[in-house]
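Notes follow the structure.
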Amino acid sequence: MTESIKTILIDGKWQEARDGDAIEVVAPSTGQRIGAISRGGKTEIDAAVAAARRAFEGVWGQTPAVERGRLLSKLGLRIAECAEELAQIEARDTGKAMKLARNDVAATARYFEYYGGAADKLHGETIPFLEGYQVLIVREPRGVAGHIIPWNYPAQMFGRTIAAALAAGNTAVLKPAEEACLSIIRLTELAIEVGIPAGVINLVTGYGEEAGAALTANPDVDFLSFTGSPEVGTLVQKAAADNHVPCVLELGGKSPQIVFDDVDVEKALPVIVSAIIQNTGQTCSAGSRVLIQRTIYEEFVAALAKRVNAVRVGSHDADLDCGPVISAVQCDRVRGFLERAQADGVAVIGEGRLDASAVDGGFYVKPTLLGPVDESHELAQDEVFGPVLAAIPFDDENDAIRIANGTHFGLIAGIWTENGARQMRLAKKLRVGQVYINGYGAGGGIELPFGGFKRSGHGREKGFEALKEYTVAKTIVINHK
Ligand code: NAP
Ligand code: MG
């Protein structure tokens, strides 16, 4: 490639990869090339980590919390001002419908507003100790944070991880997914524009196996934040172990919606459908299993199928219920699940429709409801990361809990029942990081701590819990006898 593509930001300077290599950017709605990004690797990562270290020990370390907060809030406002431009970039790059891209950008702005406000409210503690002593617990930033994020919600992920890290006083090196990072490049420009000092946010575009692996291996990184697949999560945690640094891993799920026979059907149906079609099912907290009490199974799936049949899929700018999936690879992956299910005799109960804007060359799949799915089938166990919903019958409360907890994942769950005592019993027994009762917040809630049990990962993002991850407690003991 010959064009000059400066998508790497190190120490406030935009640059291309040292050897000039680049990666094509393709629009999922058409399959056509829309640009290119630099292919950064170890050289760029190491320079970015060194810049982040200098900023941590220098300018950012000397910036008072109140000032850090002001800068983050200012970035939030600037993002809100540029919302339409950012949403257009995000929709074209990821294929998501415009209304979802607009929501994502609003959430990105909100992350900076929220953590901007939180920066100067991270109080320490005092602990009663022996006579003549005063003990203080102060929360200090970890230092240089390495962030590796996926392609499904690039802008939101930027807000979620960068705003929290910076609010707590860390500096950052970010490696976004090569499939979708155009909004992140623009967001990083805005960060510089509002005055976040050089070296505080460093961005290295490139492949995971190259730039990502180099970031996890760099011994001068103090903390790793990763969102993506369980397989890569394992690699990240191994690399963190080699360098004795902590990591937060957010690795997706197989989240259940549990529907009892006293469900408010009209309230539940639209939420259950939107929880699986949101972002074309490419959401870590997608509600990809619907567990239905056997007494209402037939009636409920029939009503659900009607709604799934009405879902329309098309290009991002047609702004329908669903856009394409991110890539040809992801399209094949989702189709593979559907083909194997068919071969295994699992019935398709409902299927969405392709709109005329779903042109050949784009990466389109039809949202699909299948069932009854055996609880051991891959559709009931594995993350499809596409708009595929598995219906599974259950007998009673204990059966529901057993099936809901019966995967390697544990991210979030929805409980649909009007019985208050049952709501609470289930909420306590489900091994997941978030429980929704008579609702479902796939990905929602900046203020709400979020993270997994089991192979969904560990550590918490969002809310004040994220600030605890990005800081470390230091104990100071004063002898004043
Ligand atoms: P992935 O490979 O885990 O990618 C996530 C991030 O990790 C990307 O930035 C990726 O870079 C980077 N990466 C890849 N290999 C790496 C390595 N060896 N060291 C360090 N970083 C590395 O996920 P994917 O390929 O995008 O998607 C595969 C599956 O993961 C999906 O089908 C889905 O099941 C799951 N997924 C889950 C989430 C979630 O939110 N939990 C998000 C996305 C995907 P590059 O992509 O640039 O190579
Ligand atoms: Mg990838």
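Sequential numbering from 1 along the given sequence is applied to the chain's residues. Order of appearance sets the numbers: ligands from 1, and atoms from 1 within every ligand.
A cation-pi arrangement is found for Lys96 relative to Tyr153, the charged atom lying closer than 6.0 Å to the ring centre and inside a 45° cone about the ring normal. Both tests do not hold together for Arg110 against Phe112: distance to the six-membered ring centre under 6.0 Å, angle to the ring axis within 45°.
Contacts of Gln330 with ligand 1, taken as heavy-atom pairs under 4.0 Å, involve the side chain alone. With a 4.0 Å cut-off on non-hydrogen atoms, Ile149 touches ligand 1 through its backbone and not its side chain. Contacts with ligand 1 closer than 4.0 Å are made by backbone heavy atoms (N, CA, C, O) of Leu251 only, the side chain lying farther away. Residue-level proximity to ligand 1 for Ala239 is absent, since no heavy atom of it falls below 4.0 angstrom.
Residue Pro150 approaches ligand 1 through these ligand atoms, each under 4.0 Å from one of its heavy atoms: 42 (C), 43 (C). Taking a cut-off of under 4.0 Å to the non-hydrogen atoms of Thr227, the atoms of ligand 1 that pass are 5 (C), 39 (C), 40 (O). Ligand-side atoms of ligand 1 in range of Gly212: 19 (N), 20 (C), 21 (N), range being under 4.0 angstrom from any heavy atom. Applying the 4.0 Å criterion to heavy atoms of Gly252 picks out, from ligand 1, the atoms 41 (N). Here is the list of ligand 1 atoms found below 4.0 Å of a heavy atom in Arg333: 32 (O), 34 (O). Close approach to Trp151 involves these atoms of ligand 1, each under 4.0 Å from a residue heavy atom: 24 (P), 26 (O), 27 (O). Atoms of ligand 1 lying under 4.0 Å from at least one heavy atom of Gly206, given by number and element, are 47 (O). The Cys284 neighbourhood of ligand 1 comprises atoms 39 (C), 40 (O), 41 (N), with distances under 4.0 Å to a heavy atom of that residue.
For Thr161 and Ser225, the side-chain atoms include no donor-acceptor pair closer than 3.5 Å.
Considering both main-chain and side-chain atoms, Tyr207 never comes within under 3.5 Å of ligand 1 through any nitrogen or oxygen pair. Of the N or O atoms in Ser229, one or more lie within a sub-3.5 Å distance of an N or O in ligand 1.
In this structure, of Pro230, Gly281, Gly208, Ala211, the residue bringing a heavy atom nearest to atom 19 (N) of ligand 1 is Gly208. Here the shortest heavy-atom distance to atom 12 (C) of ligand 1, taken over Ile148, Asn279, Ile23, belongs to Ile148. When the heavy atoms of Glu179, Glu231, Glu383 are ranked by distance to atom 46 (O) of ligand 1, first place goes to Glu179.
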So Arg402 and Phe394, side-chain contact (heavy atoms from CB on, under 4.5 Å) or not? Walk me through it.
-> CA-CA 10 Å; Arg402 183 185 59 75; Phe394 68 85; over 6 Å; no
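Between Asp222 and Gly143 the shortest heavy-atom distance is OD2-CA, 3.3 Å. Here the closest non-hydrogen pair linking His408 and Lys454 is O-CB, 3.1 Å. When all heavy atoms of Ala305 and Gly350 are compared, the pair lying nearest together is CB-CA, 4.2 Å. The two residues Val435 and Val432 make their nearest non-hydrogen contact at CG2-CG2, 3.7 Å. Here the closest non-hydrogen pair linking Val311 and Pro367 is CG1-CG, 3.7 Å. Residues Ala17 and Arg39 come closest through the heavy atom pair CB-O, 3.3 Å.
Residue Tyr153 places every heavy atom at 4.0 Å or more from ligand 1. Distances shorter than 4.0 angstrom occur between a heavy atom of Pro176 and an atom of ligand 1.
Aromatic ring pairs are classed by plane angle as parallel below 30°, tilted from 30° to 60° and perpendicular above 60°; the pair Phe385 and Trp151 is perpendicular.
Looking at heavy atoms from C-beta onward, Leu166 lies out of side-chain contact with Arg68 at the 4.5 angstrom threshold.
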